[in-house]
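Report on one structure; see the data block that follows.
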Amino acid sequence: VRTQPMTSQFSLALSYRNKGLSCLPIVPRSKQALIPWRQYQDIQPTISDYLKWFRGDTGIAILCGKVSNNLAVLDFDSIGAYFSTRSDYPLLKETYTVKSARGFHCYLFVNELPTKTLKADNIDIKASGYVLCPPSIHPTGVVYTVYKDIEILRVGSLAEVGIVGCEPPRIGAAPLA
């Protein structure tokens with residue numbers, strides 16, 4: 001998915017949709033959905049929904065999970081965590097990757113999708129909920145950008161990319177980006 005400087009939010013959301021990803025509108029410069037979104041965890045929004053939602057500077061989020069072809073997003077909370085994990089597990093170099101406010105998001109289609117968000121060392125594994133995506137703006141002002149513009153890798157399980165022994169996030173932990 002390429003982002004062009006003068007491309008409308010609708011066109012960008014539609015391009016994500018054409019890649020099999022389900023999108024939500026986000027309040028500009030926030031992580032908050034612009035609409036009640038939980039129903040869209042199970043059903044793909046329509047193109048009519050996209051036309052109503054994606055206008056002006058509305059942010060874009062991608063839903064994780066079954067609705068987006070079993071999308072899991074590996075949310076590395078620091079640049080160092082991403083590069084050290086990537087050097088140990090080279091398959092992570094072979095998938096669509098986004099630069100986030102603090103680190104990176106690696107997108108994967110996973111046949112054996114976890115049923116909920118998990119946590120490993122310095123990585124949150126988002127298998128439900130949503131993540132901000134380019135060209136959304138984080139509340140701190142950082143713009144999400146495409147780091148590695150290639151197809152999203154499909155794997156049988158997260159173990160193929162070295163993700164094993166994960167735990168659900170702790171109650172009271174900070175929300176995921």
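In what follows, residues are counted from 1 in the order of the sequence shown.
By the rule that hydrophobic residues join a cluster once side-chain heavy atoms approach within less than 4.5 Å of another member, Phe54 and Val143 end up as members of separate clusters.
Separation of atoms CG (Asn70) and CG (Asn111) is listed at 7.0 Å; rounding is to 0.5 Å.
Formation of a donor-acceptor pair under 3.5 Å by the Asn18 side chain with backbone atoms of Ser15 is not found in this model.
When side chains are defined from C-beta on, Tyr96 does not count as touching Leu108, because their heavy atoms never get closer than 4.5 Å. Looking at heavy atoms from C-beta onward, Ile152 lies in side-chain contact with Leu21 at the 4.5 angstrom threshold. In this structure, Ile60 and Leu12 have side chains that are in contact, with non-hydrogen atoms separated by less than 4.5 Å. Residues Pro135 and Thr145 have side chains not in contact (no heavy-atom distance under 4.5 Å, counting atoms from C-beta outward). Side-chain contact between Ile62 and Tyr107 is present, with heavy atoms from C-beta onward closer than 4.5 Å. Counting heavy atoms from C-beta on, the side chains of Pro139 and Arg29 never come closer than 4.5 Å.
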- Apply the test side chain to side chain contact (heavy atoms under 4.5 Å, CB included) to residues Ile47 and Leu14: give CA-CA distance (whole Å), side-chain angles for both, the deciding distance (0.1 Å), then the verdict. CA-CA 8 Å; Ile47 291 176; Leu14 194 58; 4.2 Å; yes

- Item | side chain to side chain donor-acceptor pair (under 3.5 Å) assessment of Ser8 paired with Ser11 | CA-CA 5 Å; Ser8 74; Ser11 295; 3.0 Å; yes

- Item | Verdict with reasoning, Ile26 to Lys31, per side chain to side chain contact (heavy atoms under 4.5 Å, CB included) | CA-CA 6 Å; Ile26 299 296; Lys31 293 184 177 185; 5.6 Å; no

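Between Phe104 and Phe83, the two ring planes are perpendicular [angle over 60°; tilted spans 30° to 60°]. Between His105 and Tyr144, the two ring planes are tilted [angle within 30° to 60°].
No salt bridge links Lys148 with Glu94; every basic N to acidic carboxylate O contact stays at or beyond 4.0 Å. We find that Asp77 and Arg102 are not joined by a salt bridge, their nearest charged nitrogen and carboxylate oxygen being 4.0 Å or further apart.
Remark: Arg55 is not positioned above the aromatic ring of Phe10, lacking an NZ or CZ atom under 6.0 angstrom from the ring centre and at most 45 degrees off the axis.
In this structure, Asn69 and Arg154 approach most closely via the heavy-atom pair O-NH2, 3.2 Å. In terms of heavy atoms, Leu158 sits closest to Pro114 at CD1-CG, 3.6 Å. Ala101 approaches Val142 most closely through the heavy-atom pair CA-CG1, 3.7 Å.
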